[in-house]
Number of protein chains: 2
Amino acid sequence: MAEDSRVWKDRLYGQFARIGKALGSPRRLEMLDLLSQSPKSVESLARELGSSVANVSQHLQILLEAQLVATRKQGTFVIYRLANETVAQLLELLETVSEECLADVRELRDLYLTQRDALSPVSDRELEALIQEGTVYLIDVRPPSEYAAGHLPGALSIPLPELAERLQEWDPDRPIVAYCRGRYCLYARDAVEVLRDAGFSARRSEVGVREWRRRHSSA
Amino acid sequence: MAEDSRVWKDRLYGQFARIGKALGSPRRLEMLDLLSQSPKSVESLARELGSSVANVSQHLQILLEAQLVATRKQGTFVIYRLANETVAQLLELLETVSEECLADVRELRDLYLTQRDALSPVSDRELEALIQEGTVYLIDVRPPSEYAAGHLPGALSIPLPELAERLQEWDPDRPIVAYCRGRYCLYARDAVEVLRDAGFSARRSEVGVREWRRRHSSA
DNA sequence: CAAGTATTCAAGCGAATACTAGAATATACA
DNA sequence: TGTATATTCTAGTATTCGCTTGAATACTTG
C-alpha cells in the first residue's frame with residue numbers, strides 16, 4: 001500500500017504540475033494578465049502581445065486544457081476569459097513572489113517605474129481618501145473595453161492614446177491621479193508624463209482594478 | 001518607445017515565467033510541499049520522493065536559482081527550506097486552483113480521501129471548538145521533525161509508523177482527531193483506519209499547520 | 001453556394017527539460 | 001592524510017516545448 005501511495009502522489013503532483021507548466025511560459029502569463037483586465041478575442045491578444053494569431057491560439061489551447069480560461073462565441077469571434085477569480089489571485093501571487101524573490105524583476109521595475117518618477121505613486125490608502133473626498137480627477141488610461149469590464153469608482157475612461165487631445169477638458173488646478181493595469185503596466189506612468197508636461201499636477205496609482213474590487217467587495 | 005515597452009514586457013514576463021517554470025515539475029512541487037512542513041536535507045527529500053539524490057539535488061538547484069528555497073549547512077548536510085511565507089501561499093493557491101479546475105485532481109482525492117471515510121473530515125470550525133474544549137486527543141501523525149517545526153496547539157506527536165504500538169496510551173472512550181500534512185496527504189486517513197480498527201472513535205482533519213498558523217497568528 | 005474573416009490544427013525544427021550514471025567536491029573524523 | 005558520507009556537477013539520452021508555416025475548419029454574410 002506504500003507503493004500505491006507513491007503512485008497516487010505521483011499522479012496528484014503530475015496534475016498540480018499541469019497548472020505549473022501552464023504558468024511556465026512568458027506568453028501565457030501575459031495573456032492571463034491581459035484577460036484579468038477583460039475578456040478578449042484571440043486577435044486582440046495577438047495584437048497586444050506582438051505574436052502571431054496561430055501562436056496565441058496554441059497557447060490558449062494549453063490554458064483551456066488546464067482549465068485556467070473559458071470561452072464564449074460572439075459571431076466568428078471566440079472570446080476568452082479567466083476561468084475564475086482564484087486564477088486571477090494565483091497570477092497576482094506569482095507576480096508578488098517573483099518581485100520578492102527575483103532581483104531582475106525589481107530591476108526591471110526600477111528601469112521604468114522608480115527612477116524617473118520623483119513623486120512616488122499614490123498609496124492605496126491615499127487613493128481611498130482621495131476617492132472619498134472627490135477632490136481629484138481619477139482617470140483610467142486602459143483601453144475602453146477594460147474600463148467597461150470594471151473600473152474604480154468615479155474614474156473617467158481616458159485611454160492613453162487619446163489623452164493628449166483631451167487635456168482642455170480639465171481644470172488645470174485640480175490634481176489628477178491616473179491608473180492602469182496595475183504594478184506591471186507603464187500606461188499610467190506615460191500618462192503622468194504627458195499631464196505634467198502640460199502643466200497638470202498628476203500622480204499615478206499602481207492599484208489593480210481586480211485587487212481593488214476584491215478589497216472593497218460587499219458580500 | 002512603444003518598442004522599448006514591448007521589450008521591457010518580454011523581459012518582465014520572462015522573469016515571471018522563471019517562477020512558473022520552477023513550478024512546472026511534479027517533483028519540484030512535491031519538494032516544496034515537503035519543505036513547507038519543515039526544512040529538510042537532500043537525502044531525506046530523496047527518500048520521501050523515491051528519487052535519486054542526484055536528481056533531487058538538480059531540482060533543488062533550479063528552485064535555489066529561482067530563489068524559492070534557501071539553504072544552511074549542518075555538518076555535511078545542506079538543509080533546504082522555503083525562502084519565505086509567500087512561497088508557501090503560492091503553492092497552496094496553485095493546489096487550490098488545481099482542485100477547482102482539474103477534474104483529475106478531484107478524482108484522485110475521491111480515490112483515497114472521499115469514498116472510504118464515511119465520516120467526513122472535521123471542519124476547521126469544529127476543530128477550533130474541539131481544541132478549545134479540550135475534549136479530544138489531537139494527534140499529529142507526521143514525522144517528528146515536522147511536528148517540531150510547528151504543530152497545532154495541544155497536539156501530540158504520534159508518527160504514523162508508531163501509532164499501532166501506542167494505542168494503549170489512550171482512554172478508549174475519548175475521541176481522537178488526527179491530522180497530517182494537509183489536504184493532499186494520506187497519513188491522517190491511514191491513522192484513522194488503524195484507530196477505528198482498534199475500537200477508537202476517530203476522525204481526521206485536513207487542516208495544514210501553516211494554514212492554521214496563518215489564520216491564528218497574533219500580529 | 002461562394003467569399004471573407006477568425007480561429008484552430010498539424011508538421012517540422014530548434015531549444016529546453018528531466019533523468020541517469022559516474023565523477024568531482026565539500027565536510028567531518030580518526 | 002586518508003576514509004566515509006553527503007552533495008553537486010557533467011555529459012549523454014530521451015522527451016517535451018515554443019514558434020513558424022501552411023492547411024483546415026467554423027462562422028457570417030450576400
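Letters go in sequence order (proteins before strands), and every chain restarts at 1.
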Which is true for B:V53 with a 4.0 Å heavy-atom rule: it touches a base, it touches only sugar-phosphate, or it touches nothing?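 If one applies the 4.0 Å heavy-atom cut-off, B:V53 turns out to touch a base.
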Would you name the heavy atoms of [X] and [Y] that are closest together and state the gap between them?
X: A:C180; Y: A:Y187; answer: CB-CB, 3.6 Å
X: B:A88; Y: B:R210; answer: CB-CD, 3.2 Å
X: A:S51; Y: A:V56; answer: CB-CG2, 3.8 Å

For A:V122, does its backbone N or O pair with a side-chain atom of A:R204 as donor and acceptor, under 3.5 Å? no
Quick check on side-chain contact (heavy atoms from CB on, under 4.5 Å): which of B:L63, B:L34, B:D33, B:V87 does B:L82 satisfy it with? B:V87
Given atom CD1 of A:I62 and atom P of C:dT7, what is their separation to the nearest angstrom?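 Atom-to-atom, A:I62 to C:dT7, this comes out as 18 Å.
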Step by step, work out the side-chain contact (heavy atoms from CB on, under 4.5 Å) result for A:L12 and B:D104. CA-CA 8 Å; A:L12 183 67; B:D104 287 340; over 6 Å; no
Can you pull out the residues from residues 13-25 of chain A that lie within a 4.0 Å heavy-atom distance of DNA chain D? A:K21, A:S25
Does anything in residues 40-48 of chain B come within less than 4.0 Å of DNA chain D? Heavy atoms only, and list the residues if so.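 Going residue by residue through residues 40-48 of chain B, the ones with a heavy atom under 4.0 Å of DNA chain D turn out to be B:S41, B:V42, B:E43.
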Take a 6.0 Å sphere around CZ of A:R11 and say whether it holds more than 12 heavy atoms from other residues, nucleotides or ligands.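 Check fails, neighbour count at 12 or below.
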Under 4.0 Å between a Lys/Arg side-chain N and an Asp/Glu carboxylate O for [X] and [Y]?
X: A:E206; Y: A:R189; value: no
X: B:R106; Y: B:D110; value: no
X: B:R214; Y: B:E85; value: yes

Under a 4.0 Å heavy-atom cutoff, the residues of residues 26-38 of chain B touching DNA chain C are B:R27, B:R28
Ring geometry between B:W8 and A:Y112 (parallel below 30°, tilted from 30 to 60°, perpendicular above 60°):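 Because their plane-to-plane angle is over 60°, the rings of A:Y112 and B:W8 count as perpendicular.
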When the axes are fitted on five pairs at both termini, how much does the helix from C:dC1-D:dG30 to C:dA30-D:dT1 curve, in 10° steps?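 The two end axes of the helix from C:dC1-D:dG30 to C:dA30-D:dT1 meet at 20°.
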I want to confirm an ordering. Mapping A:Q61 and A:F77 to their closest nucleotides on DNA chain C, which one lands closer to the 5' end? A:F77
Could you walk me through whether A:K21 and A:I62 pass the side-chain contact (heavy atoms from CB on, under 4.5 Å) test, one step at a time? CA-CA 9 Å; A:K21 285 184 184 191; A:I62 294 171; over 6 Å; no
Enumerate donor-acceptor pairs with a distance under 3.5 Å from any side-chain N or O in residues 66-79 of chain A to protein atoms, sequence neighbours excluded.
none

When you check every protein heavy atom under 4.0 Å of nucleotides 21-30 of chain C, what one-letter string (B, S, -) results, 5' to 3'? -B----BS--
Compile the donor-acceptor pairs under 3.5 Å between side chains in residues 141-158 of chain A and protein atoms, sequence neighbours left out, one pair per line.
from	atom 1	to	atom 2	distance (Å)
A:R142	NE	A:D140	OD1	3.1
A:R142	NE	A:D140	OD2	3.3
A:R142	NH1	A:Q37	OE1	2.7
A:R142	NH2	A:D140	OD2	2.7
A:R142	NH2	A:E146	O	3.4
A:R142	NH2	A:G150	O	2.7
A:E146	OE1	A:R181	NE	2.9
A:E146	OE2	A:K40	NZ	2.9
A:E146	OE2	A:R181	NE	3.3
A:E146	OE2	A:R181	NH2	2.7
A:Y147	OH	A:H151	NE2	3.4
A:Y147	OH	A:A155	O	2.7
A:H151	ND1	A:Y147	O	3.0

Provide the full list of salt bridge (Lys or Arg N to Asp or Glu O under 4.0 Å) pairs with a residue in residues 59-69 of chain B, sequence neighbours left out, each pair given once. B:R18-B:E65
Who passes side chain to side chain donor-acceptor pair (under 3.5 Å) against B:E99, sequence neighbours left out?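 By the side chain to side chain donor-acceptor pair (under 3.5 Å) rule, B:E99 matches B:R109, B:R183, B:Y184.
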What pairs with A:D197 under side chain to side chain contact (heavy atoms under 4.5 Å, CB included), at least two apart in sequence or on another chain?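 Per chain and number, A:D197 pairs via side chain to side chain contact (heavy atoms under 4.5 Å, CB included) with A:E193.
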Which residue, B:T71 or A:N55, contacts DNA chain D at a nucleotide closer to its 5' end, judged by nearest heavy atom?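 So the residue in question is B:T71.
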Please name all residues satisfying ring-ring contact (aromatic ring centres under 6.0 Å, His included) with A:Y13, sequence neighbours left out, ordered by chain then number.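 In terms of ring-ring contact (aromatic ring centres under 6.0 Å, His included), with neighbours along the sequence ignored, A:Y13 is linked to A:F16.
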Using a 4.0 Å cut-off to any heavy atom of chain A, which nucleotides of DNA chain D are the first and last in contact, reading 5' to 3'?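 Extent of the interface on DNA chain D: D:dC17 to D:dT28.
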